[in-house]
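The structure appears right after this line, and notes come after that.
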Amino acid sequence: MAATSLSPLVSTQTLKTVTNQTQHKTKTNDSSPIVSLKHSKNLTELRKLHSQITKQGLIHHPSSITKLISTCTEMGTFDSIIYAKSILNQFRKDNENDVTLFMYNSLIRGYSSIGLGNEAIWVYLEMLSLGISPDKYTFPFLLSACTKISAYAEGFQVHGSIIKMGFQGDVFILNSLIHFYSECGEIVLGRKVFDEMAERNVVSWTSLICGYARWGLAMEAVELFFEMVEEGTGPNSVTMVCVISACAKLKDLELGERVCRYIGELGVKVNTSMVNALVDMYMKCGAFDTAKRLFDECGEKNLVVCNTIMSNYVREGMAREALSILNETLGQRLVPDRVTILSTISASAQLGSIFWGKCCHGYVLRNGLEGWDSISNALIDMYMKCGKQEVACAVFYRMANKTVVSWNSLIAGYIRNGDVDSAWKVFNNMPESDLVSWNTIISALVKESMFKEAIELFRMMQSEGIKADRVTMVSIASACGYLGALDLAKWIHAYIKKNKIPCDIRLSTALVDMFARCGDPSNAMKIFNQMKIRDVSAWTAAIGAMAMEGNSNQAIELFNEMLRQGVKPDGVVFVGLLTACSHGGLVEEGQDLFRSMKSVHGISPQVVHYGCMVDVLGRAGLLEKALELIKSMPVEPNDVIWGSLLAACRMHRNVDMAEYAAERIKELASERTGNQVILSNIYASAGKWTDVAKVRLQLKEKGARKVPGSSSIEINGEIYEFTSGDASHPEMINIAPMLDEMHCRVRAAGHAPDLTNVLLNVDEQEKEYLLGRHSEKLAMAFGLISTNQGMPIRVVKNLRICSDCHSFAKLVSKVYDREIIIRDNNRFHFFQRGVCSCDDYW
DNA sequence: CTAGGGTTAG
C-alpha cells in the first residue's frame with residue numbers, strides 16, 4: 001500500500017493525504033502510517049501526525065502507541081524522548097490497563113541514551129507500580145542508565161532483582177552488570193559476575209578489560225586479553241581499542257606491539273577507532289615518528305584522531321607540531337570541536353602567543369563553547385601565560401559554573417605573573433580548595449623564599465584533612481633544605497615513609513638536596529644510593545652535597561662514576577663540580593674539568609661557568625690568571641663575573657684590582673646591589689672609609705639596602721630566626737648574658753675582634769658592639785643555652801659568614817667543647833676543637 | 001550490553 005513507501009523526508013502535504021486515506025483503518029489495522037514513520041528523523045512531522053490522529057480520536061490501539069513511542073525514542077534526541085514520555089502519560093491516563101512492557105522498555109532505553117539515568121529509573125519504578133514485570137530487555141537498559149549516572153546503590157538493587165527473577169543465566173544481562181560494576185569502579189564485583197558466568201562472549205571479556213584499563217589496572221587488562229585469546233574467544237575492534245589504550249597507559253611499546261600482532265593474526269577488522277588508539281599508544285610511548293607516520297598514512301582523517309595527535313603534542317610541549325596538525329585538520333574540512341579548541345588554546349598558552357589565543361577565544365565565542373568549563377579554564381590559563389591578567393580575570397568572572405580548576409588556574413596565573421598577594425587572596429576566598437590549590441600556593445611561598453610560611457601552610461593543609469602527595473613533598477623538602485633544619489628534614493623523610501608517598505626521581509632528588517643542605521651528607525648519600533634510576537639532576541644533587549661539605553674529591557669521583565654509568569652531563573652539573581673545586585682549592589682539577597666541557601662533552605661554557613672558574617682561580621690567589629680568563633671570554637662578562645673577581649680581591653686584599661673590577665661593574669650599570677655591597681666591604685676592610693661612604697650613598701640613591709644578615713637555628717622542631725643587632729627578640733633576655741660570657745671567654749682564649757668587618761664608620765666601641773651582635777653569634781648563644789652538652793649546634797646564615805664570626809665560632813667550639821656547624825649561603829663550616837673544615841678558606 | 005580525543009600545580 002501507498003503508506004509503506006513514504007520517504008522519511010515526506011512533505012506535510014503528502015502526509016495529510018496519506019493520513020486521510022488511512023483514517024478508518026487505524027483502529028484495527030497495524031499497518032498505519034506510523035509504521036512507516038519509524039524511520040523518520042523529523043520530530044515536527046511526527047508531532048503533526050500524532051496530534052492530527054489523536055484530534056480525530058482515532059488512535060487507541062496499544063501497538064500503534066508502542067510504535068509511536070519507539071519511533072521517538074529511537075531518534076535519541078532530548079526533545080523526542082520527552083515527547084515519547086508525554087505520549088505515554090496521555091495514553092496511560094485513559095487506558096491504564098493497556099500500557100505495555102515494551103513501551104516502558106523503549107522509554108528506559110531512551111532516557112538512558114540521552115544520559116538522563118535518573119528519569120530512566122523513575123520510569124522503571126512507575127512501571128513496577130503499575131504491576132508490570134521487567135523482562136530480559138529491561139535490565140540492560142536500566143543498568144546502562146545506572147552506569148551513566150554512576151548510581152551505584154540503584155544498580156546494586158537491580159542486581160538483586162535480576163537474581164530474584166532468575167535472569168542470572170542471561171549473557172546480555174550479565175554483560176551489562178559487568179559493564180556497570182566496571183564503570184563504577186567496583187571492578188572486583190564485576191570480576192565476580194564474570195567468573196560466575198556459565199558462558200561468556202566477546203562483550204563479557206571486553207567489558208571487564210575496559211574496566212581494568214579505566215581504573216588504572218592496565219597490566220591486569222592486558223593479561224586478561226591474553227587469557228581471552230588463549231581461551232579461543234576472538235577479540236573484536238572494541239576489545240583491541242581497550243587493550244591498546246591499556247598499553248598506552250603502561251607506556252610499554254613492546255607490549256603494545258605484541259598485542260597489535262593479534263589484529264592481523266586473528267583478522268580483526270581495523271577501523272578508525274583502532275587507528276586512533278594506535279596513534280595514541282605510539283605517542284604515549286614516545287614513538288612520535290611512528291605515530292605521525294600512521295597518522296599520515298590514513299588518508300582521510302577523522303576529527304578524533306586529529307584531536308588525539310594534537311593533544312599528545314601539546315602534552316609533550318610540542319605546540320608548533322600541534323598547530324601544524326590543526327592546519328591539516330582544517331585542510332581536511334573537518335570542523336574543530338571543543339576538544340580541538342582545548343588543545344589549540346593550550347598550544348597558544350605554551351607559545352605565549354596572544355594572537356593564536358585570541359583567535360581561539362573568538363572561535364569559542366562564535367560557536368558558543370564558553371559554557372564548557374574546561375574551555376574557559378584553558379582560556380584563563382592561556383591569558384595568564386600571555387601576561388594578560390585582566391582578560392584572564394574577565395573570563396573567570398564571566399564563568400557561570402566555576403570549578404576548582406578555574407580557581408586553581410587563576411591562582412597559578414597570578415603567581416606566574418609575580419602577584420603572590422592576589423594569589424593568596426584568591427586562595428583564601430575560594431569556596432573549596434583541593435590538593436592542587438595547596439600545592440600551588442606552597443610552591444609559590446618556597447619560590448618567594450618564605451620557607452617557614454610554606455611549612456606552616458603544609459601543617460595547616462593536613463589539619464584541613466588534605467593529604468599531601470609527592471608534589472607537596474618536593475616543595476616542603478626544598479623549603480626545609482633552605483632552612484637547614486635537620487630535625488625537620490628527618491621528620492619529613494619519616495613522614496613520606498609513613499604515609500607511603502611514592503618517591504619518584506624528582507622527590508628523591510629533592511630529599512638528597514634537602515639532607516645535603518641540612519648538613520647531613522650521609523643521609524643524602526644513603527637516599528641517593530637507594531635510587532633505582534638516576535638522571536643528571538640526581539647526580540647533581542649528590543655532587544652538590546659533596547661540594548657543600550667541602551668534599552671536593554668525592555664530588556669529582558661521583559662525577560666520574562656518573563660518566564661510567566652513561567649519564568650525559570649537562571651545564572648544571574658542571575656548576576656543582578666547579579663550585580666543589582673552588583671550595584676545595586682544586587685549581588688543576590677545576591681547569592681540567594672546565595676544558596673538558598667543550599672538548600669532551602660538547603657543552604659550551606656559559607657565563608656562570610666562567611664565574612665559577614674566576615672563583616677557582618681567584619680564591620687560590622691567582623688573581624691575574626682570573627683576570628686573563630675574563631678577558632678571554634667569548635661573550636661579554638657580566639656583573640656576576642666581575643663580582644666574583646671582586647670577592648677574590650677582597651679575600652686577598654688587592655684593592656687595585658678590586659677598583660678595576662668595580663669600574664667594570666659600574667660600566668655595566670648593573671641593578672644588582674650585591675656587588676656594591678662587596679665593594680664597600682673591600683673598602684671597609686682596607687680602611688678607606690670615605691670611599692665606603694660614597695658607595696653606600698650610591699646604594700641609597702638606588703633605593704637599595706644591604707640585605708640584613710639573618711641566622712636561624714632549629715630547637716626541638718621549632719625554627720628561631722635572628723637578625724643582626726636585633727635587641728627585640730623575645731629570647732634576648734637569656735641570650736644577652738650568655739653572649740657576654742662567650743665574648744669574655746673567647747677573648748681570654750685570644751680572640752681579637754676583626755673590626756674591618758663592620759661597614760659603618762662609627763667609633764671603635766660602637767663597632768665592636770655591632771660586631772658582637774651579628775646574627776650568627778646570637779644564634780650560637782641561643783643554641784648553647786637551649787641544647788645539652790654534646791649536642792652539635794647547627795646554624796644557617798643567609799649571607800656569607802664574616803671573618804670575625806668565623807674565628808669567633810672556631811674559639812667557641814674549643815672553649816665550650818661543642819661541635820658547631822654553620823651553613824652560609826655558600827657552604828658548610830664544621831667547627832670542632834678550634835678548627836674549621838674549610839681551613840679558613842671560603 | 002562493550003570503544004577512542006580534554007583544562008590546573010611541581
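The shown structure was predicted, so the numbers you read here are calculated from the model rather than taken from an experiment. Naming: A, B, ... by sequence-line order, numbering from 1 per chain.
The distance from atom CD1 of A:Ile411 to atom P of B:dA9 is 12 Å, rounded to the nearest whole Å. Regarding A:Tyr212, its OH atom lies at a distance of 19 Å from the P atom of B:dT2, rounded to whole Å. Distance CD1 (A:Ile209) to P (B:dG4): 13 Å, rounded to an integer number of Å. Across the protein-nucleic acid pair, A:Leu342 atom CG and B:dT7 atom P stand 6 Å apart, rounded to whole Å. A straight line from CE of A:Met430 to C1' of B:dT8 spans 10 Å, rounded to a whole angstrom. Between the NE2 atom of A:His361 and the C1' atom of B:dT7 there is a distance of 15 Å, given to the nearest Å. As rounded to whole Å, 6 Å separates atom P of B:dA3 from atom CZ of A:Arg214. The CG atom of A:Asn312 sits 15 Å away from the P atom of B:dG4 (whole-angstrom rounding).
Nucleic acid contact for A:Ser144: none, since no nucleic acid atom lies under 4.0 Å from a heavy atom of the residue. Across all strands shown, A:Arg506 has heavy atoms under 4.0 Å from sugar-phosphate atoms exclusively, and none from any base. Nucleic acid contact for A:Lys136: none, since no nucleic acid atom lies under 4.0 Å from a heavy atom of the residue. A:Ala412 comes within contact range of the sugar-phosphate backbone alone, with a heavy-atom separation under 4.0 Å but no base atom that close. Residue A:Thr206 is in base contact, counting any heavy-atom pair closer than 4.0 Å across all strands shown. Heavy atoms of A:Ser374 sit under 4.0 angstrom from at least one base atom.
Proximity of A:His159 to A:Leu189: side-chain heavy atoms (C-beta onward) are nowhere separated by under 4.5 Å. In this structure, A:Thr272 and A:Cys298 have side chains that are not in contact, with every pair of non-hydrogen atoms separated by 4.5 Å or more. Using a 4.5 Å heavy-atom threshold, the side chains of A:Pro134 and A:Leu142 count as separate.
Under 3.5 Å, the side chain of A:Ser245 and the base of B:dG4 form no donor-acceptor pair of N or O atoms.
The nucleotide whose nearest atom lies closest to any side-chain atom of A:Asp381 is, among B:dA3, B:dG4, B:dA9, B:dA9. Proximity note for A:Ser346 (side chain, C-beta onward) versus B:dC1, B:dT2, B:dT7: the nearest is B:dT7. When the nucleotides B:dG6, B:dC1, B:dT7 are ranked by their closest atom to the side chain of A:Arg338, B:dG6 comes out on top. Closest to the side chain of A:Pro140, from the set B:dG4, B:dT8, B:dC1, is B:dC1. Among the nucleotides B:dT2, B:dT8, B:dA3, the one closest to the side chain of A:Val436 is B:dT8. For A:Val405, whose side chain is taken as the heavy atoms from C-beta onward, the closest listed nucleotide among B:dT7, B:dA9, B:dT2 is B:dT7. The nucleotide whose nearest atom lies closest to any side-chain atom of A:Cys242 is, among B:dA3, B:dG6, B:dG4, B:dA3.
Here A:Arg315 does not reach the OP1 or OP2 of B:dT8: none of its side-chain N or O atoms lies under 4.0 Å away. In terms of phosphate contacts, A:Ser273 brings no side-chain nitrogen or oxygen within less than 4.0 Å of OP1 or OP2 of B:dA3. The side chain of A:Arg416 contributes an N or O atom lying less than 4.0 Å from OP1 or OP2 of B:dA9.
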> Passes side-chain contact (heavy atoms from CB on, under 4.5 Å), A:Met228 versus A:Thr239? Steps please.
Replying inline: CA-CA 10 Å; A:Met228 165 186 171; A:Thr239 325; 3.9 Å; yes
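Using a 4.0 Å cut-off between charged side-chain N and carboxylate O, A:Asp421 and A:Lys425 make no salt bridge.
For A:Tyr363, there are no ring pair (Phe, Tyr, Trp, His ring centres under 6.0 Å) partners two or more places apart in sequence or in a different chain.
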